[in-house]
Every structure is written in structure tokens, then in C-alpha cells.
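Notes follow once the structure below has been shown.
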2 protein chains.
Amino acid sequence: MNAASRRDANAGTLDTGFLEGTLGFTIRLCQLNVFDDFIDRLSGLDLRPAEFSILCLIADNPGCRASRIAECLCIKRPNFVPLLSGLEQRKLVVRRRSETDGRFQDLFLTALGRRVVTKAKSVVAEQEQYMADRLGPRKRDELVNALRMVARLDLRADREGWRVKES
Amino acid sequence: MNAASRRDANAGTLDTGFLEGTLGFTIRLCQLNVFDDFIDRLSGLDLRPAEFSILCLIADNPGCRASRIAECLCIKRPNFVPLLSGLEQRKLVVRRRSETDGRFQDLFLTALGRRVVTKAKSVVAEQEQYMADRLGPRKRDELVNALRMVARLDLRADREGWRVKES
DNA sequence: TATTGTTATACTCTATAACTATA
DNA sequence: TATAGTTATAGAGTATAACAATA
């Protein structure tokens, strides 16, 4: 039973009008459903969503600094350390101290890491394709575009006493 | 600095093509941004997202059983107990044993609870209105509808060896 | 002095097993 | 026996402060 059907099972007579009409609540339900399935599909490769994202970014940006990957994924640096250490212990990733600046660590995939991320991407692509088939390609693209737009909104811009100098 | 701008700050030269093209990743970024702001807006009323949702459902369904509210919000019963207890200690909610079946607890808002949820809904409505203004009303409604559709998808339906008998 | 990576730590959210009381 | 609520507990995920190494 997935999140959606578990929820629907007994909620038939509940008035959920206000919540279901909000973006915040529908985003949460949507994320629960998609992530539950995502985690399930990738469990065979023993990859959590964060680990998959890290491997993807290193695959497409070999030699990138660790802190940039963490930033791009909105993962705080202290929390990024054990994630990377785990991937390195599993021989999927190598950390190499930068030659030009000893503070940085440049990240690379191992040959095994490249094989794993290729397989993982194809598994994720299946989930994405399944959702695209159900939504239809147009609605699917509109959904991704709308989500990107909301993700980039500065939601605090309409409130006072907030904007301390940004730069 | 919100989640979106924090991410953009240093990610300019990173290739995020694969991840940004997936529904899963964009949903996550979107949820981070919306929830960060949601939590911030409701912090003045000392309400977390889950607490707000519970109050909303009790407000619109007075006398509803506790387990149904939890189910509707995809909150496991053990995790629901301290949430309800907190709201009851704050005199926002009352639990009343059902007269017809002593196992159930019927939930009601106090007068204070009704005042708080009314105020909280108006705060949330401001955030929703701000997002709707940026997206435009049509795109906003299409987004909510698409999210509802994805939230209800049975994402495991395309895989074998999964569906044990549902009922 | 500022930044990267790191450690330690704490708090929130979530998940499971087992207990109780009621049916 | 089955279900609702509860307790205890463990595991993720996430947050901040402080330190070492480097610049």
C-alpha cells in the first residue's frame, strides 16, 4: 500500500478541502509517494536518494569540489561528510586533495562508481517514464517547469524586516 | 538566503542536467523552499507543519477519530500521540473518548484552538497567494492538479512481484 | 582573517515491536 | 481475535558550534 492509497483508504468522509487546496500540502503528499517508490526502486543498489544525487553530480562534473556538490543539493557540509565517506568506503567515489588549493577535495567516480550510477540512472528513468506516461508528456513537462519556478521563488520577498543585506 | 538562492549561489558552473530533469529532484527542491518559508511564517504561532495540518482537519471535521486524522496525513499512530498531546497541553485540542466505542478518541478544537487555526490559515493563505501571484492562477491550478495526480499514482503498479493482495 | 573539511552533538521526523483497553 | 491508542526505542535527516589545515 503506497502513501496515496493508504491515505485514501479511510479518509473518504473527511473534509480535506483546505489542505488539498494548498500547494504546500499537495507537494508533501506528492513527495511522500514519489520518494517511497524511489527508495524502493534503488534499494537493490543500496542507494539512498541523497547518495544517488551525489553520484549523479560527480558523474557529470568529475573533479568538482565537495563543497559545491553539497551546496547544489542543499546538504550542509557537516552532514555531507559521512555521506561521502560511505560512498568512498564502498569504492564508488574517490576524494583527492586539490593540487592548487589544499583546502579543497576534488571528487571522482571509480570505475565501479560509474557502473553503479549508470544502472541507477536507468532505474530512476523507469520511474520518471512511468510518471510521464500517466501524466502525458505535455503535462509532465509543465509540472517540472512549474516546480522549478516555485523552487526558485524568493518566498520571503513579500515580508518586511527580513531582507538583511544579501551579498 | 533561502534554499533556492543558497543553491544557485555557487552552482553556476555545475552540470545538473540529469537531476533537474527529473520530477523527484525538482519536487524535493520545491518542498525545501516552500516548507522553509512555511515553517518561518508559522513560527510566530508556534506551529509546525504537521501541527497546522492536524488543527485544520479537526477544525473541518470536529469529533473525528484520532486515527483517521493520522491516516489522512500519513502520520504513523505512534508518532501521532506526542503531536496530539502537545496540542492538548497547549489547550488547542481536546480528546474525548467515544461513547459508542471506548477504543476511539474523538477530537475537537477548543475556542482557543479555533482562534489559532483561523489565524494560521490566513498566514498560510498569504503564502499560497504569493505563489499563485507569481505563477499566475492558471498555472497554479494546473500545478496543484498535477501534484494531486502524481500523489495518487500507484507507482509500483509497473513492477512485478510486488502486488500482494491489497485488501 | 576567511574557507574547507571535519567532529561532536542535538533536535526533528519517521519506523517497528510490544503493551493496554476495549470490542 | 482484532483494533485504537500508547510506550519505548531506533534510525534517518538536519541543524549549530567549534576545531584543524590551508589560504
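Sequence lines set the chain letters: A, B, ... in the order given, protein chains first and strands last, and positions in each chain run from 1.
Among the nucleotides dT16(C), dG5(D), dG5(C), the one closest to the side chain of Lys76(B) is dT16(C). When the nucleotides dT7(D), dT22(D), dT14(D) are ranked by their closest atom to the side chain of Arg28(B), dT14(D) comes out on top. In the set dT3(C), dA2(D), dT14(D), the nucleotide with an atom closest to the side chain of Asn79(A) is dT14(D). Closest to the Ser67(B) side chain, of the nucleotides dG5(C), dA4(D), dA8(D), is dA4(D). Here the nucleotide nearest the side chain of Gln105(B), chosen from dT6(D), dA21(C), dG5(C), is dT6(D). Closest contact between the side chain of Arg103(A) and the listed nucleotides dT7(D), dT7(C), dA2(C) involves dA2(C). Nearest nucleotide to the side chain of Arg97(B), out of dT3(C), dG5(D), dG5(C): dG5(D). Comparing atom distances between the Arg95(B) side chain and each of dG5(D), dT3(D), dT6(D) picks out dT6(D) as nearest.
The CD-P distance, from Glu71(A) to dT3(C), rounds to 11 Å in whole Å. In this structure, Asp36(A) atom CG and dC13(C) atom P are separated by 17 Å, rounded to whole Å. Across the protein-nucleic acid pair, Leu32(A) atom CG and dC13(C) atom P stand 13 Å apart, rounded to whole Å. Between Leu73(B) atom CG and dA15(C) atom P there is a gap of 14 Å when expressed in whole angstrom units. In this structure, Leu84(A) atom CG and dT6(C) atom P are separated by 7 Å, rounded to whole Å. dG5(D) atom C1' lies 16 Å from atom CZ of Arg68(B), rounded to whole Å. Note: CZ (Phe80(B)) to C1' (dA4(D)) measures 12 Å, nearest angstrom. Nucleotide dT14(C) holds its P atom 14 Å from the CZ atom of Arg77(B), rounded to whole Å.
Taking CD from Gln105(B) and CZ from Arg97(B), the interatomic distance works out to 5.0 Å, rounded to the nearest 0.5 Å.
At least one donor-acceptor pair closer than 3.5 Å links the side chain of Ser98(B) to the backbone N or O of Asp101(B). Not a single donor-acceptor pair under 3.5 Å links the side chain of Thr16(B) to the backbone N or O of Leu19(B).
Non-hydrogen atoms lying under 4.0 Å from DNA chain C are contributed by nothing in residues 47-63 of chain A.
Arg96(B) forms a cation-pi arrangement with Phe108(B), by the criterion of a distance under 6.0 Å to the ring centre and an angle within 45° of the ring axis.
Every residue meeting the side chain to side chain contact (heavy atoms under 4.5 Å, CB included) condition with Asn79(A), not counting sequence neighbours, appears here in chain and number order: Ile75(A), Lys76(A).
Contact record, Cys56(B) with Lys121(B): SG-CE, 3.7 Å, taken as the closest heavy-atom pair.
Arg68(B) and Thr13(A) share a side-chain donor-acceptor pair at under 3.5 Å.
With ring centers used as reference points, Phe25(B) lies 6.0 Å or more from Phe18(B).
A donor-acceptor contact under 3.5 Å is not formed by the side chain of Asp101(B) with the base of dA4(D).
If Ile75(B) and Ala66(A) are placed on DNA chain C by their nearest nucleotide, the residue sitting closer to the 5' end is Ala66(A).
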